[in-house]
Amino acid sequence: MTVLLGCIADDFTGGTDLAGMLVKAGMRTVQLIGVPSGPPPDNIDAIVIALKSRTNPAVDAVAESLAALRWLQQAGCRQFYAKYCSTFDSTPQGNIGPVADALMEALGTDFTIACPAFPANGRTIYKGYLFIGNELLNESGMRNHPLTPMHDASLVRVLQQQVSGKVGLADYSVVEQGADAIAARFAELRTQGHRYAIVDAVSNDDLMAIGAACADLPLVTGGSGIALGLPDNFRRRGLLAAHTVADRLPATGGRRAVIAGSCSVATQKQVAAMRAVASAFHVDPLQLARGDNVVAAALDWAAANLGEQPVLVYATATPETVRAVQAQLGVERAGTLVEEALAAIAQGLVRLGVGQLIVAGGETSGAVVKALGITGLIIGPEIDPGVPWTAALQNQATDMPLALALKSGNFGSEDFFIKAWSRLP
Ligand code: ADP
């Protein structure tokens, strides 16, 4: 069987989140880091190419996404999926809109959907407005995001600023009627000249119905949620077997560590919970900016503290602290300094025998995975919604088996860093 679904994710944890969703829905899935050069892996139903394009200039994000699309087309994929964050992270310049526009043009299609809903994680869309838990997007912690602060919850408005064609809405009164009604609404919007439909969704049933309504769309765009409904489309066409186990991971061992570079609300709580029970090392951006050798200090500390219990290295700070640091260093410099330091610490930890590693933060995970020379991840069992355990595909750069959990900032329960280990095979 050839690969069925080809996905392009705009960051690493987003890619893992989507891949985990596909595995849960019974598709054997591999996540590849960056645009690959070789042939696709065998015995795989879906491939997720994870880029690091969320906050790149739009032209670069578009070029990378198109390169990923070409590779996925050559791998024989029948449908394509552009994955972004369930909090619709983007600036007014993009990149969600420009990338979707470019992929549509390359695929010769004039209509797609945009649906970041992920009800299991509290991301719901109603009347086109995105809610994070009980709050509108622009009233949630996302208004303070270090790189992509979100100031408007109307997805129709946010996307309209980023794309050339018209953006319409398939609202809840349609979605609650099920797949046929949703597909009919898509057809209607398309006839009216809309290129995009924002789609309301407040439950997994809605996501299943939306997925079914997307069976004939060459391109789907969204968070990971709508992936839930896509595998059944392939089953209905006899293209996908009802695999019972799609989440098998090779065994790993070694020491355990957590690296947190996310300042999101959920990560702050998770860091606090772990600090209460584990040894922890704080990475301070101002010390990095002064040129202090924080990486060496962290690794000396780790060498002394790594044992039976997991350890924590974190840069996580409150919004006030982050703002103060950014005012001094600039947003980009602060982010890069921390990402580079945490990536170097990850390399050192693996050298010190860490074989099971949790990384918190999308950008942070991207930097860590790159530094470790990892080219792909086999997707395993889920820890919390949106965060599976994975195992690094072995290559020249990786000599020891390594289990990785790449956690998007706002995902996971408060005790995530503590409970995750028990889910490993
Ligand atoms: P999330 O998934 O929560 O968005 P990311 O890792 O994608 O997390 O983004 C967080 C950004 O904030 C990264 O660029 C990281 O380097 C930066 N950062 C982390 N800690 C601090 C800090 N204390 N001060 C300033 N920036 C920080």
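For ligands, and for the atoms within them, numbers begin at 1 and follow the listed sequence.
Atom 16 (O) of ligand 1 has as its closest protein heavy atom Gly335 O, 2.9 Å. Atom 3 (O) of ligand 1 has as its closest protein heavy atom Ser264 OG, 2.5 Å. Nearest protein heavy-atom contact of atom 6 (O) of ligand 1 is Thr364 OG1, 2.7 Å. Nearest non-hydrogen protein atom to atom 22 (C) of ligand 1 is Pro285 CG, 3.6 Å. Nearest protein heavy-atom contact of atom 7 (O) of ligand 1 is Glu363 N, 2.7 Å. In terms of protein heavy-atom proximity, atom 12 (O) of ligand 1 is nearest to Pro146 CG, 3.7 Å. Counting protein heavy atoms only, atom 19 (C) of ligand 1 is closest to Gly261 O, 3.1 Å.
Note that the CD atom of Glu414 and the CG atom of Asp384 stand 12.0 Å from one another [nearest 0.5 Å]. To the nearest 0.5 Å, atoms CG (Leu18) and CG (Leu5) are separated by 7.5 Å. The structure places CD1 of Ile378 at 12.0 Å from CZ of Arg248, a figure rounded to the nearest 0.5 Å.
The six-membered or imidazole ring of Tyr314 lies away from that of Phe417, with a centre-to-centre distance of 6.0 Å or more. For Phe131 and Tyr126, the ring centers sit 6.0 Å or farther from each other.
When atom types are taken as modelled, the side chain of Asp10 and the backbone of Ser53 share no donor-acceptor pair closer than 3.5 angstrom.
When all heavy atoms of Asp11 and Ala50 are compared, the pair lying nearest together is O-CB, 4.1 Å.
Under a cut-off of 6.0 angstrom, the local environment of CD in Glu105 is sparse, with at most 12 non-hydrogen atoms contributed by other residues, nucleotides or ligands.
If you number the atoms of ligand 1 from 1 as listed, the ones under 4.0 Å from a heavy atom of Gly362 come out as 1 (P), 2 (O), 5 (P), 6 (O), 7 (O), 8 (O). Atom numbering of ligand 1 starts at 1 in the shown order; those under 4.0 Å from a heavy atom of Gly409 are 1 (P), 2 (O), 3 (O).
Residue-level proximity to ligand 1 for His145 is carried by the side chain, the only part with a heavy atom below 4.0 angstrom. Residue contacts with ligand 1 for Ala315 involve both N, CA, C or O and side-chain atoms from C-beta outward (heavy atoms, distance under 4.0 Å).
Counting heavy atoms only, Cys263 comes closest to atom 21 (C) of ligand 1 of the residues Ala317, Cys85, Cys263.
Salt bridge Arg143/Glu135: absent, no basic N to carboxylate O contact under 4.0 Å.
Taking the six-membered ring where tryptophan is involved, the planes of Phe281 and Trp301 are tilted, since the angle between them lies from 30° to 60°.
In terms of N/O distances under 3.5 Å, ligand 1 is approached by Ser262.
Ligand 1 has Glu339 within reach: a non-hydrogen atom of the residue lies less than 4.0 Å from it. Lys407 does not count as a contact of ligand 1, since none of its heavy atoms falls under 4.0 Å from the ligand.
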